[in-house]
Amino acid sequence: MTTSSSAPASSAPPFAAPKGVPDYFPPTSASFLAVRDTLIESARRAGYGYVELPVFEDTALFARGVGESTDVVSKEMYTFTDRGNRSITLRPEGTAGVMRAVIEHGLDRGQLPVKLAYAGQFFRAEQPQAGRYRQFHQVGVEAVGVDDPALDAEVIAVADAGFRALGLTGYRLELTSLGDTTCRPQYREKLQDFLAALPLDEETRRRAELNPLRVLDDKRPEVRELVADAPLMVDNLSAESLAHYEQVKGYLNDLGVKFVENPRMVRGLDYYTKTTFEFVHDGLGAQSGIGGGGRYDGLMEQLGGQPLSGVGFGLGVDRALLACQVEGVSPGDETRCDVYGVPLGEAAKSRLVALSAPLRAAGVRFDLSYGGKGLKGAMKGADRSGARFALVLGERDIEAGVVQVKELASGDQRPVPLADVVISVLEALGR
RNA sequence: GUGGGUGUAGCUCAGCUGGCAGAGCACUGGGUUGUGAUCCCAGGUGUCGCGGGUUCAAGUCCCGUCACUCACCCCA
């Protein structure tokens, strides 16, 4: 690397990442990958097949699927017009896109349920905050086509197992039911009547009109007190929804998944029905939800497909990673390489470069010192790489047909024949 | 969109009521010519976010501005 001395030192970098988007780089990026992969693996173990879907879709898909009146659609979408004059939106959530793909490719015409998992980034133009980014990452699953409470429980268990596999313990699962198309409208009216009689401020009154459930979840103590006696959805469920809810709880007990009921839980997306849940972690600040989901029985039909039920979740990779950091667990924590090459001179360098191919092919994570650093600098590189062994090679070694294998932690060093390097290294690593 | 907090070295941050730019980590070179981490020595570490004002004198006080951040709202 050459340094340019012509440009004056400047305090501000020439470019900064757009507002509210995270950069992940080593060593944190290793944990990020591990979190994402661990959560996907949990879904894979339950028979969910991976789907890779586009990051942008027709704007109308989200407007119709997520709901026009939601905050997400009304003010948080990244929407633009493409060169064909189509309105395009960067996906703010995952379920609508999966449903679109299921319908478009007729995945629901085979055996049901269709069980799919996805991972990727999502976009919402919100004010950034701890754990809330404008580009964030989720792992999600959707199970479409079977209205079985055991499936609700499975989805929840998959999320729980994923978090547990990460080593997380400081979270809880909150559960409730939002009812169905018969009982929810009735309850909503009942709740609005109750709220209308309360001395609420203008802002809250407006919210009561738009989404009365949300008022129940207000953080202000004085409001909480006012709504303490408000009617609750769980007390006004239809017979069918109530039975469904009870069975979900029963299956969760069978699965050994602990939960607490929170009848005041709010979901920001319109499509949820019946079972809804959220994984909450204390210690993340205000954005405490590390995952959430539920059942969405009207969504497929709403998007022009068959009237099939569905249930799924979205788990926040960024927030799960934060939770890991808060709890002091570091998934994916490993050194950068196993073995590090230290060449002395050009001849040795070309020998080590040549060796890197067979070593890596044998599964050894191998790096070497570039740039002609000299022994001291190259050894320093070996140390910083976290490698267990250094391969030191100089003129004397080449003449003798050997390479020095040095264990960095102990300082022990021994020559091995150059011809047997790969085998010797594998042996030294205990493989 | 609305509030609070913070902007000093690559990173984490000191710097009291105005008076010469600081520490640790990291980085580079050296301390036996073929050995790192430890130890010692030397060294870049800098528009003190930016602009204006007050003052003999501003990192410090005032105004503006931008950025970051936390929170409201909302949510993964």
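Quick caveat: nothing in here was measured; it's all calculated off a predicted structure. In what follows, every heavy atom counts, from backbone to side chain, and hydrogens, waters and symmetry copies are set aside. Chain A is the first sequence line, chain B the second, and so forth, proteins listed ahead of strands; every chain is numbered from 1.
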Classify the nucleic acid contact of [X] as base, sugar-phosphate or nothing, counting any heavy atom under 4.0 Å across all strands shown.
X	answer
A/G289	sugar-phosphate
A/R207	sugar-phosphate
A/G377	nothing
A/G131	base
A/L408	base

Starting from [atom2] on [N], measure out to [atom1] on [X] and report it in whole angstrom.
X	N	atom1	atom2	value
A/E407	B/A37	CD	C1'	14 Å
A/L322	B/A76	CG	P	16 Å
A/D23	B/C11	CG	P	13 Å
A/R134	B/A76	CZ	P	18 Å
A/E76	B/C73	CD	P	13 Å
A/M265	B/A76	CE	C1'	14 Å
A/K373	B/G34	NZ	C1'	18 Å
A/F389	B/G36	CZ	C1'	15 Å

For RNA chain B, the dot-bracket pattern of Watson-Crick and G-U pairs whose distances stay under 3.5 Å, | for other-strand partners: (((((((..((((.....[..))))((((((.......))))).)...(((((..]....))))))))))))....
With salt bridge (Lys or Arg N to Asp or Glu O under 4.0 Å) as the test, would you mind laying out the steps for A/E41 and A/R44 before giving the verdict? CA-CA 5 Å; A/E41 172 61 18; A/R44 214 176 63 84; 2.9 Å; yes
[X] side chain near [N] phosphate (N/O to OP1/OP2, under 4.0 Å):
X	N	value
A/K219	B/A71	no
A/R132	B/C73	no
A/R267	B/A76	yes

Sorted by number, the residues of residues 323-345 of chain A with heavy-atom contact under 4.0 Å to RNA chain B: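 Going residue by residue through residues 323-345 of chain A, the ones with a heavy atom under 4.0 Å of RNA chain B turn out to be A/L344.
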Looking at RNA chain B, which of residues 32-63 of chain A put a heavy atom within less than 4.0 Å of it?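 Hits under 4.0 Å, by residue number: none.
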Nearest to the [X] side chain among [options], which nucleotide is it?
X	options	answer
A/K19	B/C72, B/C68, B/C74	B/C68
A/Q404	B/A71, B/G34, B/C74	B/G34
A/Q287	B/U28, B/A76, B/C72	B/C72
A/K376	B/A76, B/C73, B/G36	B/G36
A/V392	B/C74, B/U35, B/A76	B/U35
A/A130	B/U35, B/C70, B/A26	B/C70
A/D383	B/A37, B/U35, B/C73	B/A37

Which value, in whole Å, describes the distance between the [atom1] atoms of nucleotides [N] and [M]?
N	M	atom1	answer
B/G49	B/C41	P	32 Å
B/C16	B/C11	P	22 Å
B/U17	B/U60	C1'	10 Å
B/G5	B/G44	C1'	33 Å
B/C61	B/G18	C1'	8 Å

Quick one: does NZ or CZ of A/K190 land under 6.0 Å from the six-membered ring centre of A/F194, within 45 degrees of the ring axis?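 No cation-pi geometry.
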Report yes if a donor N or O on one partner sits less than 3.5 Å from an acceptor N or O on the other, where the partners are the side chain of [X] and the base of [N]; otherwise report no.
X	N	answer
A/R384	B/G36	no
A/Q413	B/U35	yes
A/Q129	B/C73	yes
A/E126	B/A76	yes

Could you pick out which residue, A/K75 or A/G316, lies toward the 5' side of RNA chain B when each is mapped onto its nearest nucleotide? A/K75
Start at the 5' end of RNA chain B and walk down; is the nucleotide closest to A/E278 or to A/A17 reached first? A/A17
Identify which one of A/L429, A/L408, A/V339 satisfies the side-chain contact (heavy atoms from CB on, under 4.5 Å) criterion when paired with A/R388.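 The residue from A/L429, A/L408, A/V339 that satisfies side-chain contact (heavy atoms from CB on, under 4.5 Å) with A/R388 turns out to be A/L429.
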Please check if the number of heavy atoms outside [X] that lie under 6.0 Å from its [atom1] is greater than 12.
X	atom1	result
A/I423	CD1	no
A/R64	CZ	no
A/F56	CZ	no
A/E222	CD	yes

Name the residue from A/D297, A/D152, A/D180 that meets the salt bridge (Lys or Arg N to Asp or Glu O under 4.0 Å) definition with A/K274.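 Single salt bridge (Lys or Arg N to Asp or Glu O under 4.0 Å) partner of A/K274 among A/D297, A/D152, A/D180: A/D297.
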Please tell me whether A/F32 and A/H137 form a close aromatic pair, meaning their ring centres lie under 6.0 Å apart. yes
Would you please determine if the base of B/A76 is stacked by A/F122, with stacking meaning a centroid separation under 5.5 angstrom and planes under 30 degrees? no
